[in-house]
Amino acid sequence: MGPQLLTTIEQIAKEKGIEKDIIIDALEQALISAYRRNVANPNEHVKVEFDQVTGDIRVFALLEVVERLTQPEQQLSLEEAHEIDPNYELGDFHKEEVTPSDFGRVAAMTAKQVVTQKMREAERERIYNHFADKEDEIMTGIVERFDPRNLYIGLENNIEAVLTPNEQMPNESYQIHDRIKVYVTKVDSTTKGSGAAIQVSRTHPGLLRRLFELEVPEIANGTVDVMSVSREAGDRSKIAVHSDIVDPVGACVGPKGQRVQTIVDELNGEKIDIVRWSEDPKEFVKNALSPAQVVAVYVNEPAKSTTVVVPDYQLSLAIGKRGQNARLAAKLTGWKIDIKSETDAEALDLFDTYAEKVESEPEIVHNEMEQADETVLESTTVKEEE
């Protein structure tokens, strides 16, 4: 086994970039544990030596030199020690070979385990070092295989990433060899197994942001800023953009809509609303509810909430199917959004009261608004379903 093991260690050290001494040290420590497991009443002080020339493995018990023996298995009297070497002193250790006759078999099994472990550790480190700065970035990969739950995406350098069910778009089906763009959400070097766990996503809002950076030069060079993104993957998304130099919405749409259409195609038909950002919450909320028209927006700063009035015929559009448009707008702006039709707003006489109290009693106004919301909630739901 000696020469063969030595050749294996040298080959792995070269291929995986692991120091040979690191493998040998780990092997010696593992063999000490193996010796203690397989030998009855083993010596407490054991040393394993691996000959880097021949590949031979030998086990030594370290016997402490003492004046009087109290533990014969662990000690050597000074008189006996001097018979071996006159230079021995009290407290020194004498090496005595105790290599079991069948230790070659144990050593071979242990060596295989150690080498395999070091290969895995080296692979994890290699992957982590290569991808540590790729988190929150977009990459192109190829669908290599799948199991009942996960997809495995081949990235650069023959490294595989995991696309879990929660990160797969519900409107997509994947086939082996499909090329897809993915967003790297996490690179974890502590994961057990053959390599670092690279987790990727097709549903993360960051994917939409990075796709716009790829397709819109004005975003890539900083002329247009992406201020926020809200997304319900596979169905609809909203992205808020801002620029003091160019028309940010026009830049994102591109000539004849080519830029945004490229992104829509990449996301398998996901609808994308490009919204002009504003530091004025009234304007921002109004824009965020696009494509619905907005009559008025009332803001309650302390409660971080808004009440939006839309034409009666626009109520269902503003709320969206199953409340999606309003929900995405709220995520995009960071404001609570309560949507009312003009008829409901007038019937409740809400806004005259709101205008009188908003500066002096904002908390009371907020409570009244919430009570009014409950009054119209049932009718709003009915209209939405219609």
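Only this structure's heavy atoms are used, side chains among them; waters, hydrogens and symmetry mates stay out.
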Rounded distance (nearest 0.5 Å) linking atom CD of E215 with atom CD of Q261: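 Spacing of CD (E215) from CD (Q261) equals 11.0 Å.
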Pairwise distance CZ(R145) to CD1(I176) - rounded to 0.5 angstrom: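 It is 9.5 Å, given to the nearest 0.5 Å.
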Would you say the side-chain atoms of [X] and [Y] include a donor-acceptor pair closer than 3.5 Å?
| X | Y | result |
| --- | --- | --- |
| T70 | Q75 | yes |
| Y88 | H94 | yes |
| N150 | T164 | no |
| N325 | K238 | yes |
| E232 | Q324 | yes |
| T54 | D56 | yes |
| S341 | T343 | no |

Look at [X] together with [Y] and state whether they make a salt bridge at an N to O cut-off of under 4.0 Å.
| X | Y | answer |
| --- | --- | --- |
| E167 | R202 | no |
| E28 | K47 | no |
| R259 | E218 | yes |
| K134 | E137 | no |
| D235 | K271 | no |
| E283 | R276 | no |

With side chains defined as the heavy atoms from C-beta onward, is the minimum distance between [X] and [Y] less than 4.5 Å?
| X | Y | answer |
| --- | --- | --- |
| I219 | V226 | yes |
| L214 | F212 | no |
| L76 | V66 | no |
| L163 | Y152 | no |
| L289 | I339 | yes |
| D178 | Q175 | yes |
| L78 | L90 | yes |
| V285 | I337 | yes |

More than 12 heavy atoms of other residues, nucleotides or ligands under 6.0 Å from [atom1] of [X]: is that the case?
| X | atom1 | result |
| --- | --- | --- |
| E97 | CD | yes |
| F146 | CZ | no |
| E67 | CD | no |

A288 versus L332, closest heavy-atom pair with distance: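 Nearest heavy atoms, A288 then L332: CB-CD2, 4.0 Å.
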Minimum heavy-atom distance between T306 and V299, given as atom pair plus value: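 It is CG2-CG2, 4.0 Å.
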Candidate pair L211 and L267, rule side chain to side chain contact (heavy atoms under 4.5 Å, CB included), full reasoning: CA-CA 10 Å; L211 287 173; L267 298 179; 3.8 Å; yes
Candidate pair V253 and I274, rule side chain to side chain contact (heavy atoms under 4.5 Å, CB included), full reasoning: CA-CA 8 Å; V253 172; I274 303 172; 3.8 Å; yes
Candidate pair E270 and S237, rule side chain to side chain donor-acceptor pair (under 3.5 Å), full reasoning: CA-CA 7 Å; E270 183 175 314; S237 296; 2.3 Å; yes
Full working for side chain to side chain contact (heavy atoms under 4.5 Å, CB included) between Y298 and V309: CA-CA 8 Å; Y298 297 86; V309 180; 4.2 Å; yes
Intermediate values then yes/no, side chain to side chain donor-acceptor pair (under 3.5 Å), T223 and N221: CA-CA 6 Å; T223 303; N221 64 27; 2.7 Å; yes
Steps toward side chain to side chain contact (heavy atoms under 4.5 Å, CB included) verdict (Q29, D25): CA-CA 6 Å; Q29 295 303 314; D25 181 66; 4.3 Å; yes
